[in-house]
Every structure is written in structure tokens, then in C-alpha cells.
Amino acid sequence: MEDSLDQIGREVIECRRCPRLVAYREAIARIKRRRFQDWDYWGRPVPGFGDPQARLLVVGLAPAAHGANRTGRMFTGDGSGDFLIAALYRAGFANQPTSTHREDGLALRDAYLTAVVRCAPPDNRPSREEQANCLPYLVRELRALPRVQVVVTLGQIATGGFLAALRVLGYDGPRPAFRHGAVYRLGSGWPTLITSYHPSRQNTQTGRLTSEMFDEIWALAKGFLQGGSAPPFLPPRCPLGGEGD
């Protein structure tokens, strides 16, 4: 029997596999940022969030130190989240254009948000070992999201982490190169992959990633879903669905 997303989320929240990340996320939660001094920081690993029947999966890098590490929800409370959720709203995947805290009423439609690392890393740079420690959670989420047809990865590390999870599930095709707006059909039984720049402030404030460029990513994803040309991720006869971790 496959894990439920709720079960995976509970295990993510309790995870302490990476001493460096545990120390950093908890220190940030104690020290806080001046303008968030009144907040009770989450300070724990952050589970995935969204529609459990999603056909669109969005994979990011990791929680932001004063974003999801503060609020406890993926892409919530920081500039990256503002940019992403507004774009998902314009594309019809979210019920509102803002993401500020866990009780703000945000609901995703046909979309699920996750990341390759679940704790805020120093300088947004998780080590290879830390990425490997988190990999089983992403593998399990993929198994628990059987309707996924399209995956959008945000940045090079997210793309590499997602492909590593596919390898665990049995994908043995070529490794797609990362570039913004690339589309890869990974083959029968696997989702269509779209790669995008991450909506970090470094990218959005410098114009490397504009709202128009980002909207094109979600228009591509929506087009595949509406056209039905992307196969379901794990069809009923696919042998991968019953494998253990």
C-alpha cells in the first residue's frame, strides 16, 4: 500500500537527518528577522502542499529561511512565493494571487508544490548529502501522486533532484539538460518535464526571469494538460507503483 501525502508530510516535519540544516533552521527561528519579530517561526522541515489529485507537480529547491521556514508552507511568505503563486493564479492553478501564511485561504487546483530539500539551507546551497537525505521523500510523494502528467522544475538543483527521484522509480532514459522553457517528453509512463528558472529575487529583480517568461511556463503546462498529450505518471499497469523505497 502506498504512503498517503499526509503520512509523508508528518514524517517530513519530524525529520532530523541533516545536523547542519537542523541547526540552521532552528537558529533562524530563534533569531528571526527584525520585521518578523512577532512571528512564531515554524523552524522545522516543510511538507509538500496542494491538490492530492494534481496533474501538475511543481518542484522547487528548498524553503526560504524567512519564508517557508517561518510560515510552514511551501512558497509562502517570501518573494519567490509571491512571484510563483501570482503566476499560478493567472494560469488558473490557484484560487488567489497571494501566499502569506498557512491560514490565508490559499488552495491549489490540479497542482501540488514540493521541493528537493525540505529544510532551509544556508545560502540556499544544500550539500549533495543533504539532497540525498531528502530524496526518499520526493520519491514517496511521486508514488502518492499517481495522476501527475506534467512536472515543472524550478532551477537546476530542483531539476537534478527530480530526475534523481525518477531514477529510483526506474527511469533509465537520458538526462535532460537544464535551460529555461525546455520541454522534455520522458517516454511512456513518465511525465512531461518543463524546466524553468527559479523565481528567486536574484532572478526576478534582475530581469533574468520576467512575469511574461514565467507565464509562458504555466501556459505550456496547461496546454499539455488540456490537450491530454502527456501520459499519466504511473499508469495502473506500471510495475513501479508497488515497489518499496
Side-chain angles (χ1 to χ4, degrees), residues 3-16 18 21-22 24-30 32-33 35-54 56-121 124 126 134 137-138 140-142 144-145 148 151-155 157-158 161-162 196 198-201 204 214 218:
D3 292 324
S4 70
L5 291 170
D6 285 343
Q7 174 62 31
I8 298 166
R10 287 192 293 270
E11 292 184 33
V12 165
I13 292 169
E14 297 301 320
C15 185
R16 300 183 68 84
C18 304
L21 298 189
V22 171
Y24 180 72
R25 78 189 191 213
E26 293 180 353
I28 290 294
R30 289 193 305 272
K32 306 181 182 181
R33 181 169 280 171
R35 66 191 178 102
F36 297 131
Q37 286 298 309
D38 293 337
W39 273 79
D40 182 12
Y41 271 52
W42 174 260
R44 290 175 282 175
V46 181
F49 165 72
D51 184 351
Q53 298 301 313
L56 171 66
L57 176 66
V58 183
V59 182
L61 168 57
H66 300 280
N69 187 57
R70 171 173 59 89
T71 64
R73 191 175 69 192
M74 286 288 179
F75 287 101
T76 299
D78 69 315
S80 295
D82 293 342
F83 202 83
L84 172 63
I85 299 304
L88 292 178
Y89 173 75
R90 292 191 297 269
F93 291 111
N95 69 325
Q96 63 187 41
T98 57
S99 179
T100 57
H101 59 87
R102 292 197 306 280
E103 306 301 325
D104 62 5
L106 175 66
L108 299 184
R109 302 165 176 156
D110 207 14
Y112 194 86
L113 302 182
T114 190
V116 295
V117 174
R118 310 308 172 101
C119 296
N124 290 320
C134 255
Y137 295 129
L138 181 57
R140 291 167 63 190
E141 282 178 332
L142 289 170
L145 291 162
V148 167
V151 176
V152 175
T153 53
L154 303 176
I157 293 178
F162 170 69
S196 169
H198 191 281
S200 64
R201 287 191 180 275
T204 59
F214 213 34
W218 309 110

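Here the structure is a predicted model, which is why all the values come from computation and not from measurement.
- In terms of the side-chain contact (heavy atoms from CB on, under 4.5 Å) criterion, residue partners of Asp78 (sequence neighbours excluded) are, by chain and number, Ala64, Ser80.
- Between the side chain of Asp3 and the backbone N or O of Ile8 there is no donor-acceptor pair closer than 3.5 Å.
- Of all the heavy atoms in Thr153 and Ala158, the pair that sits closest is CG2-O, 4.0 Å.
- Screening residues 44-53 for side-chain hydrogen bond (donor to acceptor under 3.5 Å, both in side chains), with sequence neighbours left out, gives no hits.
- In this structure, Ala94 and Leu106 approach most closely via the heavy-atom pair CB-CD1, 4.1 Å.
- The side-chain contact (heavy atoms from CB on, under 4.5 Å) search around Ala115 returns Met74, not counting sequence neighbours.
- Here the closest heavy-atom approach between residue Pro45 and residue Cys15 is recorded as CG-O, 3.5 Å.
- Closest of all the heavy-atom pairs between Ser196 and Val152 is CB-CG1, 4.4 Å.
- In this structure, the side chain to side chain donor-acceptor pair (under 3.5 Å) partners of Thr76, at least two apart in sequence or on a different chain, are Arg73, Ser99.
- With sequence neighbours excluded, no residue forms a side chain to side chain donor-acceptor pair (under 3.5 Å) with Arg201.
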For a quick test of your reading: what N or O donor-acceptor pairs under 3.5 Å do the side chains of residues 82-92 make, sequence neighbours left out?
{"from": "Arg90", "atom 1": "NE", "to": "Asp215", "atom 2": "OD1", "distance (Å)": "3.0"}
{"from": "Arg90", "atom 1": "NE", "to": "Asp215", "atom 2": "OD2", "distance (Å)": "3.2"}
{"from": "Arg90", "atom 1": "NH2", "to": "Asp215", "atom 2": "OD1", "distance (Å)": "2.9"}

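- You'll find the side chain of Phe93 stays beyond 4.5 Å of the side chain of Leu113, heavy atoms only.
- Glu103 CD: 12 or fewer foreign heavy atoms inside a 6.0 Å radius.
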* To do: Show the numbers, then the answer: is there a side chain to side chain contact (heavy atoms under 4.5 Å, CB included) between Phe49 and Val58?
  => CA-CA 10 Å; Phe49 165 72; Val58 183; over 6 Å; no
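- For the atom pair Leu108 CG and Asn95 CG, the distance stands at 8.0 Å (nearest 0.5 Å).
- Applying the side-chain contact (heavy atoms from CB on, under 4.5 Å) criterion to Arg30, with sequence neighbours excluded, gives Glu26, Ala27.
- Among residues two or more places apart in sequence or in another chain, the side chain to side chain donor-acceptor pair (under 3.5 Å) test is passed with Tyr24 by none.
- Residue pairs satisfying the salt bridge (charged side-chain N to carboxylate O under 4.0 Å, His left out) criterion with at least one member in residues 107-118, sequence neighbours excluded, are listed as follows: Arg55-Asp110, Arg118-Glu141.
- For the side chain to side chain contact (heavy atoms under 4.5 Å, CB included) test with Thr114, the passing option among Leu5, Val59, Leu145 is Val59; the others fail.
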* **Check against side chain to side chain contact (heavy atoms under 4.5 Å, CB included), Trp218 and Leu56** => CA-CA 10 Å; Trp218 309 110; Leu56 171 66; 4.1 Å; yes
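- The heavy-atom pair separating Leu21 from Val117 by the smallest distance is CD1-CG1, 4.0 Å.
- To the nearest 0.5 Å, atom CG of residue Asp40 and atom NZ of residue Lys32 are 6.0 Å apart.
- In this structure Arg70 satisfies the side-chain contact (heavy atoms from CB on, under 4.5 Å) test together with Phe36, Trp39, Tyr41, sequence neighbours excluded.
- Smallest separation of non-hydrogen atoms from Pro47 and Gly72: CD-O, 4.4 Å.
- When the side chain to side chain donor-acceptor pair (under 3.5 Å) test is applied to Gln7, the partners found at least two apart in sequence or on another chain are Arg10, Glu11.
- Using a 4.5 Å heavy-atom cutoff, the side chains of Leu142 and Leu57 are in contact.
- With sequence neighbours excluded, no residue forms a salt bridge (charged side-chain N to carboxylate O under 4.0 Å, His left out) with Asp6.
- Proximity of Pro121 to Leu61: side-chain heavy atoms (C-beta onward) are nowhere separated by under 4.5 Å.
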